[in-house]
Amino acid sequence: MIEYLRTLLLFYRRHLRVQALRELMAIVGVAAGVALLFATQVAHRSITGSFDQIARGVAGRATIELASRGPEGIDQGVAGQIERMSDAKATAPIFEQQVMAVGPKGRRALTLVGATEQLTRLGGALSLQFQRAATGSSLGLVVLPETSARALGVGPGSTITVLAGQQTEHLPVAAVVPSDRLGPLAQSPLAAASLPVVQSLATSPGRVTRVLIQPRAGREAALRRALSDRFGTKANVRPVDTEARLLGSASGPEREVTFLFSVISLVTGAVLAYNALLLASDGRRRFILYLIEAGTPDSMIVASLAFDALILGLAGSLLGLLAGDAISLIAYRSVPGYIAAAFAIGSQRVIGWPTIAIALGGGMLAAFAAAALPAIATLRASAAAEPEAVGRTLSFTRRLRFSDELVFGLGASLVGVSIALSLLQPRATVVALAGLAAGSVICLPLILRLLLRLARAAARRSRDPAARIAVAELSGSPARSVALLATGTVAAFMMVLIGGAVADVQHAVRRGATDLLSGSQVWIKPGGPANVYTTQPFVYAQTQRRLQGLGQVASVLPWRDSFLDLPGRRVWVVGVPPQLPAQIAPSQLVDGSLAEADRLIRKGGWVALSETIAREHDLHIGERLFLPTPAGRATVRLAATTANYGWLSGAIVMNGDEHARLWSGRTASLLGVTLKPGVGIGAGRRAVEAAIRNDPGLTVQTADERSSEVSSVLGSTLTRLNDTTVVVLVATVLSIIALMLAAIWHRRERLESLESIGMSLGQLIRLIFYESGAVLLAGCLIGTAIGLTGQYLIDGWLRETTGSPVTFAAAWPLGLRTVGITAGIAALASAAMIAVSHIGRFQPRTTFSVE
Amino acid sequence: MLELENVRKHYASPGGAVRAIDGVCMRVLPSEVAAVYGPSGSGKTTLLLLAAGLMRADSGSVRVEGRDLARLSRREVLAYRRTKLGFVFQGFNLVAGMTAAENVALPLLLRGLDRKRAHRCALDTLAEMGLAHRAEHPATRLSGGEQQRVGIARALVGEPRVVLADEPTGNLDTETGDDVLGLLCRASRERGAATILVTHDSRASGYADRALDLRDGKLTDPGVREQATVVR
């Protein structure tokens, strides 16, 4: 066995020696796919994984929680009442408040957890570490993890400024928890303080947002029932991991989007590797012929090809894992803004064995898929050349004979089926796009033949012999030509598909934000970009009065936005001031009459609901639905269905006054300022800023600024995906250069013979450019066409998955940019390579003859 | 007439300078075929590159019809290769995807001749090589001997003054090699071309007018240095 493996290794080393560049190219192709797959998987698993770790670290042995439905919380006395219930073993009331901490070195969004000593009784690792750090310290009030303390530039004894709503407090730091004690939770955005401190900061004395409950052994179900009966009207009784499940639901579309692009990236990697192997197939064929002549058994020949694929998969996967690790560190480190706005998530990376296994499996799959067709072609050609010497296995491959027309038919069918599948069943778009890419590549041999026929006709009319020779050379080496064509196709396909889809989603987000913010020119909200959904309430009455007294201001209207947990999902509730004629952003309307819905919502008792939620609950316009609000179960009617307003789990639009009644009448979460006619936005903004300068916790933004902020935060996931195209572009550029280098090196003898019969340097450069550049460009045009088809399909899928009103806008410019980049690279590479081959002509023995 | 006068060409290599051509003098007259023998690495290919103007000598001169190639501009060297030189290769180096006739017409097209005239000339030359019936076949699908005859036709179609052949029988069997050597020498003589035939094949001396031995960059036949007499 060892001897067998040693022989296979010997064969592989021979390939490596003879065709190192092409092997390397194939490895780079697989590695690019694996890197993207791994990086996106790590990014996604880190979101849910880190949240889970934080939740467990705080809750410890608690399995049930009583959670308030609004930011104002529930009465703290409830914790004592639960503690006295016979089935409860321990309870811990906590108040969680989103704050912005400001220190000498910078600012950081934190979740400040206010707790009592009861929390440590639940044994949560995170709680214990914070408690240990605080014990014995009489320096201050807040305990920070080391990472946050370092970012803020503070230590025990120093003071940080904490902004919550329009509240500002200067709190001394009691202790800093060293990172080594927190392990993977070192990056968590948590800070701890005593319960009264946080209650005071939130202006909610005697209130708590959650009560964590440890039931007695075997009494969990009974306790939950009892809790639901007693407190279920105004608070949520639920398992302690509910937040994690809600996060899973909120980040579900993000997971699907990243998964889709991972699959496409992997297919791209496989195609690039396939191209490289196609180029090497001539050399492989000669070697296998030699093996057949030498009497090597079929099994050894087949094993040798499988071994090549194995090495390719392993090397590509390992390289891809390293590159993917770097990408996840550099590009995918931050949590998508829309998720961070609703859940306390750290930026720690969570890399588990399943993630590594998926990436390795994907790499091996890509390598074997890429190697299969060239291997069959090689075996078939070898068996055909030496029919007498081959055994049954290779004889079988000899009978595998497919015409270009048949292959094209198969490819075209795959493309057709993929498009139909995606149109009929948008959820199957992931599979359909992989089919579209693969089918298109399969169609290329016949497309190339047709293109060459056209090129031959054009070359006949050309006076440039280089054009005639180029067409002839391309016809004479179809494997190389198909590989070049496929490289251009895949590059443009990826650029147009991803770039186009991202642009369409961003456009939808921008349009939605502009619509939503069109009611006012200046906006005021607590906190920074982290509060993108403006769900942090603040007492606004005084600020409103002050602003209404300004000569530049016509009106100041309070918006009341919040999150509401429905079974299985956390929805965004948008409380629109009833004074505004437009309650629903027009771009978000999916079903119903806009005017009628606006009228009904203004009247009260009616809401607009995201179409995804309405569909899930089989709700139709006019029907009743129940909302579990802080004030209890509210009955409302459905006025219209909408898109998701940029919150992927869905949104509810309601009258702001109704929101105040169901949540709390004291607060707003956003103020919209309408300026008097003739007042410039700049002047209006300055006046507003001056009026609230004593409230540093509030941020003033113009409608444009807020719109940009919303677009950038909500589009962050897709922007991040757009970055993946850079990796594909780099892999493609490397591939193009390597392909051209290989093409020139492989034929250097013939190219130099052309020079010796009278071709000029310029003609040689043109020859190489026509041969590679023109084919690559043709590939880019084909890829652009397929990419646009893919973009159309993926838009439908994004509408379905994310609930965003995505509209198709053909991404021609991206295709043209890819064409331009490719043309530039090809032209430069042609000139550079011919020049280098001239300068490097110092081995005449290899120039003309094979001695 | 092709003349090499005290030509030297050295290459730098990690093991020190390699004297590929070291003071070679030779003169090949019109219609003369000179066979140059030598083992691998003896400098045969460098000799051809120098004669083709694809490489410049470190010292000495390479003259064709009295003109020193080193003194010609790049454009003039290109014109020399296009109008006065024919090259025959061991590996044939025919353009895949072109027919035999298209391959033969290629040097004429590079010279600027119109396509129809070039094609007619190519057909005539192929007929002379006994390949009229194969003119429209894809060149790379012909047998080895046929491909080399197409190669010879391509070298001779432009009526060159100098023909350089690099191991023309290296990829052929004995019988075909004999045919090719005979054809090449006869056709070159008929056109009045000065021909250098670089080879390992000892049979070449039977077809050449004289035989020279190149070892370590030096021509070892003492007679060659002094005279340009045709040795038949």
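All chains are named by letter (A, B, ...) in the order of the sequence lines, taking the proteins before the strands, and each is independently numbered beginning at 1. All values below come from the heavy atoms of this structure, side chains included, with hydrogens, waters and symmetry mates left out.
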Contact class of [X] relative to chain A, heavy atoms under 4.5 angstrom:
{"X": "B:Leu94", "result": "backbone"}
{"X": "B:Arg111", "result": "neither"}
{"X": "B:Leu110", "result": "both"}

- Among the options A:Ala466, A:Pro465, A:Gly758, A:Gly476, pick out the one with the most heavy-atom pairs lying under 4.5 Å from chain B. A:Gly758
- Between the main-chain N or O of B:Tyr37 and the side-chain N or O of B:Lys44, is there a donor-acceptor pair closer than 3.5 Å? no
- Query: Is it true that a side-chain atom of B:Ser188 and a backbone atom of B:Cys185 form a donor plus acceptor pair closer than 3.5 Å?
  - Reply: no
- Query: Tell me, side chain or backbone of A:Arg468 under 4.5 Å from chain B's heavy atoms, or both, or neither?
  - Reply: both
- Item | Point-to-point distance, once rounded to the nearest 0.5 Å, from CZ of B:Arg67 to OG of B:Ser61 | 14.0 Å
- Query: Run the side chain to side chain contact (heavy atoms under 4.5 Å, CB included) check on B:His200 and B:Glu167 step by step: do they pass?
  - Reply: CA-CA 7 Å; B:His200 275 116; B:Glu167 297 281 3; 2.8 Å; yes
- Message: Assess, by modelled atom type and distance only, whether the side chains of B:Ser73 and B:Arg75 contain a donor and an acceptor separated by less than 3.5 Å.
- Response: no
